[in-house]
Amino acid sequence: MPGAKRAGKRTRFRLLCLFGFFILVGFLITPRKSTSSSLQHSATTGAHDVRFGNQDERSYMKNGIERERISNSFSRSSVSRLSSDDIANGDDESSSLISSSSSSSSSSSSSSSRSSSNGGSGSGGPKRTRLFRNMFKDGFNGDFIMTQQKYSKLARNSPIRVAKYMSQCLSDSPPRGCDLEAAKADPPRGRGWQRVARITKELLHEFPVVDTRFKGFQKYKSCAIVGNGGSLKLKKYGKYIDEADAVIRFNGGPTTNGLSDYVGSKTTIRFLNTQHLGFHESKKEILLQHVTVEETMQKFINFKKRFNGDIYVIDGDFHQLVLDTMEDGAASNGFYGLLFGLERCEKVTLWGFAKGWNKPTSDRAKLKYHYYDDVEPNESQLKRDDLEAPKVAKFVAKHSDIFEYGEMSH
């Protein structure tokens, strides 16, 4: 009898062990709810996951975490409201529509448009895109430059994109992600986007860890934004230009060869288009490089490896701000400078922005298109200038408490 009791206990113990084993197996094989890691990466640009090499950077990020948490509060909430249909039909390209705007403003949710698209010609594209418009209408809190802090959150090989203007969607070779139906509407609406890179270790290495120049830092007291217009040769404005705390120039606009008396000799920041990649007169200049196609990004990487100065890629957020302000059409580098001045300067004086270069007046001969050469604009430049000139005038008038024209005040 005692032997029978022991056998019964062993049997019950074995049954309990078997039952526990089945429970464990069931727990292990049951699929967990997806947290859509790519969206989590896109929406989270906080600093606590970034590793730094020195105490100063750790201190900077510790102080900046709260600011980043606030600026990204929209991103986390808006992503949580996206339906699965918004992303399930696209490949990794469609997720990039969110990834490059991971620090977008609180107005994006109400202003972004949702549309179906077959993508750009010849290169495929997402079946469904989510195009952002006017995301910064309540104030810019996006990124000026591309950083590791933002893009290291994305999975390797994820795309980085920038917004393109609406009219490009009607061209013979529209950008990827164009909403063609919206572009053909009357009036046109919607916008395309262009992939400029994929996340790689090599690419991230050429980005700064964080933005230590612009976002969240104190504004310049005074800025001189120096265009390349021929009006700069009317008088010797150099001493007035150099008095500004920051002098912003564009592309290959020079200060040497006897030009400093007219245009000044100081350069703090230089905006560069793709034709002037890496141009600088001094390594003290901060270079802000346009990158709107993948080929240019590779050229940037190659240049950055051998350049011992400060050069940064303009972030998609700032492109978005400029195009939303421009509404449509290719914005000139000068228009980028205007938006930068509004965001980063307390007072701005514009130099060399005078239009009507080819219309002589009674008191002077016609102005040159550029102050430094005799090259006249091509048809594309003329069309862009005609579209942009009234928008520049409207912008300056709207912000007359900040902006003034230097040639008119001196």
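For this chain, numbers begin at 1 and follow the sequence in order. The structure displayed is predicted, hence computed values, not measured ones.
- Inter-residue side-chain proximity for Ile311 and Phe300 is flagged as met; some heavy-atom pair is nearer than 4.5 Å.
- Other residues, nucleotides and ligands contribute over 12 non-hydrogen atoms within 6.0 Å of the NE2 atom of His399.
- Side-chain atoms of Asp310 never come within 3.5 Å of backbone atoms of Ile286 as a donor-acceptor pair (strictly under, hydrogens ignored).
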Side chain to side chain contact (heavy atoms under 4.5 Å, CB included) assessment of Tyr237 paired with Thr349: CA-CA 12 Å; Tyr237 300 112; Thr349 304; over 6 Å; no
Criterion side chain to side chain contact (heavy atoms under 4.5 Å, CB included) on Leu338 and Leu350, from CA distance to verdict: CA-CA 9 Å; Leu338 292 182; Leu350 300 177; 3.5 Å; yes
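- Phe144 and Glu343 make their closest contact through CZ-CB, 3.9 Å (heavy atoms, listed as atom of the first residue, atom of the second, distance).
- The neighbour count for Gln275 CD, taken as heavy atoms of other residues, nucleotides or ligands under 6.0 Å away, is above 12.
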Chi angles and distances behind the salt bridge (charged side-chain N to carboxylate O under 4.0 Å, His left out) call for Lys299, Glu295: CA-CA 6 Å; Lys299 290 180 179 179; Glu295 180 183 2; 3.6 Å; yes
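- Between the Gln148 side chain and the Val210 main chain, no donor and acceptor come within less than 3.5 Å of each other.
- Not one N or O on the side chain of Lys236 forms a donor-acceptor pair closer than 3.5 Å with the backbone of Asp261.
- One distance of note links CZ of Arg384 with OG of Ser332; it measures 5.0 Å at 0.5 Å rounding.
- Aromatic ring pairs are classed by plane angle as parallel below 30°, tilted from 30° to 60° and perpendicular above 60°; the pair Phe271 and Phe340 is perpendicular.
- Between Leu277 atom CG and Met297 atom CE the span is 10.5 Å, to the nearest 0.5 Å.
- Closest approach of Thr292 and His319 over heavy atoms only: CG2-CE1, 4.1 Å.
- Side chain of Asp242 to backbone of Ser265: a donor-acceptor contact under 3.5 angstrom is found.
- No side-chain donor-acceptor contact under 3.5 Å links Lys266 to the backbone of Ile248.
- Distance CD1/Ile160 to CD1/Ile199: 3.5 Å, rounded to 0.5 Å.
- Nearest approach of Leu203 to Thr200, heavy atoms of both residues: N-OG1, 3.0 Å.
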Worked verdict on Asn251 versus Asn333 for side chain to side chain donor-acceptor pair (under 3.5 Å): CA-CA 8 Å; Asn251 300 326; Asn333 234 346; 2.8 Å; yes
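- Nearest heavy atom pair, residue Glu202 against residue Lys305, reads OE2-NZ, 2.6 Å.
- Taking each heavy atom of Arg249 and Ile241 in turn, the nearest pair found is NH2-CG2, 4.2 Å.
- Ring geometry for Phe318 against Phe140 counts as perpendicular: the plane angle is over 60°, on a 0 to 90° scale with 30° as the lower cut.
- With a 4.5 Å cut-off on side-chain heavy atoms, Arg344 and Phe217 count as touching.
- Taking the ring axis of Tyr262 as reference, the NZ or CZ atom of Lys233 stays within 45° of it and closer than 6.0 Å to the ring centre.
- Side-chain atoms of Glu407 come within 3.5 Å of backbone N or O of Gly352 as a donor-acceptor pair.
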Working for side chain to side chain contact (heavy atoms under 4.5 Å, CB included), residues Phe353 and Ile225: CA-CA 9 Å; Phe353 274 74; Ile225 300 182; 3.8 Å; yes
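- Between the side chain of Asp386 and the backbone N or O of Ala389, no donor-acceptor pair lies under 3.5 Å.
- Considering only heavy atoms from C-beta on, Cys345 stays 4.5 Å or farther from Lys219 through its side chain.
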Trace of the side chain to side chain donor-acceptor pair (under 3.5 Å) decision for Gln381 with Asp385: CA-CA 6 Å; Gln381 289 172 315; Asp385 290 350; over 6 Å; no
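- Note: Phe335 and Phe395 have tilted aromatic rings, judged against thresholds of 30 and 60 degrees for the angle between ring planes.
- Side chain of Glu376 to backbone of Tyr369: no donor-acceptor contact under 3.5 angstrom is found.
- Checked for salt-bridge contact, Glu294 and Arg195 meet the test: a charged N lies under 4.0 Å from a carboxylate O.
- Side-chain N or O atoms of Arg270 include one that pairs as donor or acceptor with a backbone N or O of Gly253 at under 3.5 Å.
- For the pair Asp315 and Lys215, the salt-bridge criterion is not met [side-chain N within less than 4.0 Å of a carboxylate O].
- By the 6.0 Å contact criterion, CG on Asn378 is enclosed, its count of non-hydrogen atoms from other residues, nucleotides or ligands being greater than 12.
- Across all their heavy atoms, Ser222 and Ala244 have their closest contact at OG-CA, 3.6 Å.
- Considering only heavy atoms from C-beta on, Ile145 comes within 4.5 Å of Phe214 through its side chain.
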Stepwise side chain to side chain contact (heavy atoms under 4.5 Å, CB included) check, Phe136 with Thr325: CA-CA 9 Å; Phe136 301 119; Thr325 306; over 6 Å; no
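- The side-chain heavy atoms of Tyr371 and Pro254, taken from C-beta on, include a pair separated by under 4.5 Å.
- Side-chain atoms of Glu281 come within 3.5 Å of backbone atoms of Thr255 as a donor-acceptor pair (strictly under, hydrogens ignored).
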